[in-house]
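A short worksheet on the structure shown next.
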Amino acid sequence: MNNQSILKFIAGDQPILNVNHAILSAPVRHIFMIAIVWYIHQQIKNHHLNILEVGSWMGASTLSWAQGLRDYNHATGTISCIDAWQPFFNRATHQKDVYTQMELALSSDIAYQLYLHNIRTLPSTITCHHFRGKSENILPLLREKYFDIIFIDSDHTYQAVLNDIRCSFPLIKNKGILCGDDLNLQLSQVDHEYALKHADQDFIPDPKTKRNYHPGVTLAVNELLGNVSSWGGFWAMQKYNDSWQKISLKGMPIHYPNHFPEDALKKAEAHLKDIEIY
Ligand SMILES: C[S@@+](CC[C@H](N)C(=O)[O-])C[C@H]1O[C@@H](n2cnc3c(N)ncnc32)[C@H](O)[C@@H]1O
């Protein structure tokens, strides 16, 4: 029996998503990802949306994009995923337990096997394919002005985020959305010098706000896009010809990810109360 057969034997056609290992960031952000599909569907009315995800891990966010397509786009569209599914942390700067566990899941291929299982639960009307490799090598090969949504969530160090965003610029269609995860704080909120000194560290406390954040994401997003629209750490900007504009999700329907386990849904629900939807 191969790995996929074993996972299918255990879980059948249900995804395997553990809140501690598979859903890495704040679960509430997936509600905003689903809402982005609602937003773009209203504006573009294109029945075939192309979504690109940079950093897929075990597929929790891939399934959230798919839910957006199910709920708002007649369950049609394409999701292309890029992930190397290989250890990528510099262990000198990333020493916490979470990084050790992620590294183990990547080096043992568990993360990739779970991703494969999870995307197999998608309906056949949604095309999901993946490129296994480094985003810096794959993004430059993709078709220009092709994607309606690009979601950046791979390596969170400064140069890596900068590169992922830069390489994504030509790939987005006009009126398409560039978005990403883990913008816990914007540059205007944090101690700028401290962020510059710690650009390659992950989830460290900002001395000014005393809140944890990813300095690499904060610096790179600001450098290339300025102050962006963001809700609970999920950020997004819309392309208008040669400029990028903030968007408003006011009035968005609240759809919880169907594939989330109960504890992740509870976290998302509690967190949503603290977020202003503008
Ligand atoms: C934070 S996780 C993605 C989480 C996922 N988006 C979710 O919400 O379920 C980051 C992923 O990026 C991948 N990654 C890191 N650096 C990468 C690179 N340079 N190119 C491609 N993938 C990379 C890792 O293998 C990991 O699976």
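Note that ligands are numbered from 1 as they come in the structure, with each ligand's atoms numbered from 1 the same way. Excluded from the calculations below are hydrogen atoms, water molecules and symmetry mates; all remaining heavy atoms, backbone and side chain alike, are included.
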- Query: Would you call the rings of Phe203 and His214 parallel, tilted or perpendicular, where under 30° means parallel and over 60° means perpendicular?
  - Reply: tilted
- Query: What are the atoms of ligand 1, with element, lying closer than 4.0 Å to any heavy atom of Ala84?
  - Reply: 21 (C), 22 (N)
- Identity and separation of the nearest protein heavy atom to atom 27 (O) of ligand 1: Asp83 OD2, 2.7 Å
- Message: I need the atoms of ligand 1 closer than 4.0 Å to a non-hydrogen atom of Lys134, numbered in the order shown.
- Response: 19 (N), 20 (N), 21 (C)
- Near Gly55, which atoms of ligand 1 are under 4.0 Å from a heavy atom of that residue? 3 (C), 5 (C), 6 (N), 11 (C), 12 (O)
- At what distance is the nearest protein heavy atom to atom 19 (N) of ligand 1, and which residue and atom is it? Glu136 OE1, 3.1 Å
- Note on the structure: Minimal heavy-atom distance between Trp57 and Ala22, with the atoms involved, is CD1-O, 3.5 Å
- Task: Check whether any side-chain N or O of Asp148 sits under 3.5 Å from a backbone N or O of Asn50 as a donor-acceptor pair, and report yes or no.
- Result: yes
- Item | Test item, Gly59 contacting ligand 1 (heavy atom, 4.0 angstrom) | no
- Note on the structure: Closest to atom 20 (N) of ligand 1 among protein heavy atoms sits Ser135 N, 2.8 Å
- Any donor-acceptor N or O pair under 3.5 Å, side chains Asp164, Ser154: yes
- Task: If the plane angle is over 60° it's perpendicular, under 30° parallel, otherwise tilted; pick one for Phe234 and Trp65.
- Result: tilted
- Message: Heavy atom to atom 16 (N) of ligand 1, shortest distance: which of Asn163, Asp164, Asp155 holds it?
- Response: Asp155
- Query: Should the pair Tyr112 and Tyr115 be assigned to parallel (<30°), tilted (30 to 60°) or perpendicular (>60°) ring geometry?
  - Reply: parallel
- Message: With a 6.0 Å cut-off (strictly less than), is the heavy-atom count around NZ of Lys267, excluding the residue itself, greater than 12?
- Response: no
- Note on the structure: The atoms of ligand 1 lying under 4.0 Å from a heavy atom of Leu106, numbered in the order shown, are 25 (O)
- Item | Sub-4.0 Å atoms of ligand 1 with respect to non-hydrogen atoms of Leu24 | 1 (C), 2 (S)
- Task: With heavy atoms of Trp85 as the reference, note each atom of ligand 1 found under 4.0 Å away.
- Result: 25 (O)
- Query: Nearest to atom 3 (C) of ligand 1, what protein heavy atom do you find, and at what distance?
  - Reply: Asp153 O, 3.3 Å
- How far is atom 23 (C) of ligand 1 from its nearest protein heavy atom, and which residue and atom name does that atom have? Ser154 CB, 3.7 Å
- Message: Suppose I only count heavy atoms of Trp57 and a 4.0 Å limit; which atoms of ligand 1 are within that range?
- Response: 2 (S), 3 (C), 4 (C), 5 (C), 27 (O)
- Heavy atom of Ser56, distance to ligand 1 below 4.0 Å: yes
- Task: Count the heavy atoms belonging to other residues, nucleotides or ligands that lie under 6.0 Å from NZ of Lys175, then report whether that count exceeds 12.
- Result: no
- Ligand-side contact atoms (ligand 1) for residue partner Ser61, heavy atom cut-off under 4.0 Å: 5 (C), 6 (N), 7 (C), 8 (O), 9 (O)
- Query: Heavy-atom count around Asn2 CG within 6.0 Å, excluding the residue itself: above 12?
  - Reply: yes
- Heavy-atom count around Phe9 CZ within 6.0 Å, excluding the residue itself: above 12? no
